[in-house]
Amino acid sequence: MDDLATRVSAFIAESGMLDGADRLLVGFSGGPDSTALLLFLAEHYSNIEAVHLHHGLRADAADGDRDWCRVFCEYRNIPFSTAELDVPAHRLPGESIEMAARRQRLEYWAERAADDESTVVALGHHLDDRLETFLQRLFRSSNASGLCGLRNISRVTVVRFVRPLLCIRRQEIV
């Protein structure tokens, strides 16, 4: 595990992804990827907050995920918040559930990070996600710019998203 932490620390430093960050909002679903990211960031950085987004898609199972995330953070004294997106109720005509969920997540993050360049959103995507994204875009016949896959650092509206785990594979996380 020390080797993974060293690799992630080096990846963060080399990319400069957290330069100027005064506050880290960590997307926290409760899965292995976001849990590993949250634990790493909580150990190495201050002023973090775990944020669980409830999409309103899986009823009691999603409620259980949210509750588990809350208890996990309380036990470790990690600040925690949650937001109810209710994707089905806010889906636009002709929009898929996946696209509606993505749009609503981006709207949420933009609201949370509005007018604050020092707020950064950290997501638990890993190296296998980068490959999967590339292949999905390839099969959808994306143009050359669409084939780049996930970036270490990206900006959507005012939000700086960082992906500190893009240097490791999912199996290493698990």
Side-chain angles (χ1 to χ4, degrees), residues 1-2 4-5 7-9 11-13 15 17-91 97-98 100-126 128-129 150-168 170 172-174:
M1 191 64 162
D2 289 337
L4 288 180
R7 286 172 44 210
V8 172
S9 293
F11 183 68
I12 289 170
S15 69
M17 68 175 59
L18 296 180
D19 291 356
D22 289 332
R23 182 170 69 141
L24 285 172
L25 302 176
V26 183
F28 183 45
S29 67
D33 311 333
S34 66
T35 301
L37 177 64
L38 180 63
L39 289 172
F40 173 82
L41 293 174
E43 186 174 320
H44 293 88
Y45 296 90
S46 61
N47 204 14
I48 70 167
E49 177 183 335
V51 179
H52 181 83
L53 299 178
H54 189 305
H55 292 84
L57 296 172
R58 295 177 28 250
D60 291 343
D63 293 344
D65 291 345
R66 178 201 55 222
D67 297 342
W68 183 89
C69 289
R70 177 179 288 114
V71 169
F72 182 90
C73 289
E74 286 173 357
Y75 181 77
R76 289 161 181 80
N77 295 313
I78 298 171
F80 175 81
S81 65
T82 186
E84 307 283 329
L85 300 182
D86 197 0
V87 172
H90 297 99
R91 188 172 162 196
I97 287 290
E98 294 82 11
R102 182 177 191 276
R103 178 182 51 78
Q104 289 176 47
R105 285 192 304 271
L106 289 174
E107 289 171 356
Y108 172 81
W109 292 124
E111 185 178 307
R112 284 293 308 269
D115 301 323
D116 186 0
E117 289 285 320
S118 66
T119 296
V120 174
V121 177
L123 302 174
H125 296 115
H126 48 76
D128 296 313
D129 290 325
L150 295 172
R151 290 181 166 87
N152 306 345
I153 306 166
S154 60
R155 282 200 176 271
V156 180
T157 65
V158 298
V159 185
R160 177 175 24 153
F161 291 98
V162 299
R163 296 171 178 87
L165 301 182
L166 280 181
C167 63
I168 57 178
R170 186 173 199 288
E172 293 176 283
I173 293 169
V174 173

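In this text the structure is predicted, and so the values were computed from the model without any measurement. Along the sequence shown, residues carry numbers from 1.
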So do L53 and W109 actually touch side chain to side chain, heavy atoms under 4.5 Å? yes

Is it the case that the side chain of N47 and the backbone of D22 share a donor-acceptor pair, with hydrogens and angles ignored and the cut-off at 3.5 Å? yes

Would you compute the distance between atom SG of C167 and atom CG of N152 and round it to the nearest 0.5 angstrom? 8.5 Å

Taken to the nearest 0.5 Å, the spacing of L39 CG from I78 CD1 works out to 6.0 Å

Is the backbone N or O of L85 less than 3.5 Å from a side-chain atom of H90, with the two atoms forming a donor-acceptor pair by type? yes

When you compare the side chain of V159 with that of L106, does any pair of heavy atoms fall below 4.5 Å? no

Heavy atoms, side chains only, cut-off 4.5 Å: are Y108 and V51 in contact? yes

Taking all heavy atoms of S9 and all of F40, pick out the closest pair and write down the distance. OG-CZ, 3.4 Å

Measuring from atom CE of M17 to atom CG of L166, what distance do you get when rounded to the nearest 0.5 angstrom? 7.0 Å

Should E74 and F80 count as side-chain neighbours, where that means a heavy-atom distance under 4.5 Å? no

Considering all heavy atoms of both residues, which atom of G27 and which atom of S34 are nearest to each other, and what is their separation? O-CB, 3.4 Å

Of all heavy-atom pairs linking A113 and V158, the shortest is O-CG2, 4.2 Å

How many angstroms lie between OG1 in T82 and CG in D67, if you round to the nearest 0.5 Å? 9.0 Å

To the nearest 0.5 Å, how far apart are CD in E117 and CZ in R160? 7.5 Å

What's the verdict on side-chain contact (heavy atoms from CB on, under 4.5 Å) for I48 and L38, showing C-alpha distance, side-chain angles and the deciding distance? CA-CA 9 Å; I48 70 167; L38 180 63; 3.9 Å; yes

Name the orientation class of the two ring planes belonging to W68 and F28 (parallel below 30°, tilted from 30 to 60°, perpendicular beyond 60°). tilted

Measure across A62 and H52 and return the closest heavy-atom pair with its distance rounded to 0.1 Å. O-NE2, 4.4 Å

Which atom of L165 lies closest to which atom of D33, heavy atoms considered: CD1-O, 3.5 Å

I need the minimum non-hydrogen distance between L37 and P164, along with the two atoms involved. CD1-CG, 3.7 Å

Checking side-chain contact (heavy atoms from CB on, under 4.5 Å) for the pair V26/Y45: CA distance, chi angles, key distance, verdict? CA-CA 12 Å; V26 183; Y45 296 90; over 6 Å; no

Are the side chains of E98 and R102 in touch, meaning some heavy atoms are under 4.5 Å apart? no

Salt bridge (charged side-chain N to carboxylate O under 4.0 Å, His left out) partners of residues 37-61, not counting sequence neighbours, each pair once: E49-R112, R58-D65

Under 3.5 Å donor-acceptor, T119 side chain and R23 backbone: no

Would you call P88 and D86 a side-chain contact if the rule is heavy atoms closer than 4.5 Å? yes

Exam field: side chain R76 to backbone F72, donor-acceptor pair closer than 3.5 Å: yes

Using modelled atom types and a 3.5 Å cut-off, is there a donor and acceptor pairing between side-chain atoms of R163 and backbone atoms of R151? yes

Once you round to the nearest 0.5 Å, how far does CZ of R66 lie from OG of S29? 14.5 Å

For E111, enumerate each residue passing the salt bridge (Lys or Arg N to Asp or Glu O under 4.0 Å) test, keeping only those at least two apart in sequence or located in another chain. none

Check: H126 main-chain N/O paired with R170 side-chain donor or acceptor under 3.5 Å: no

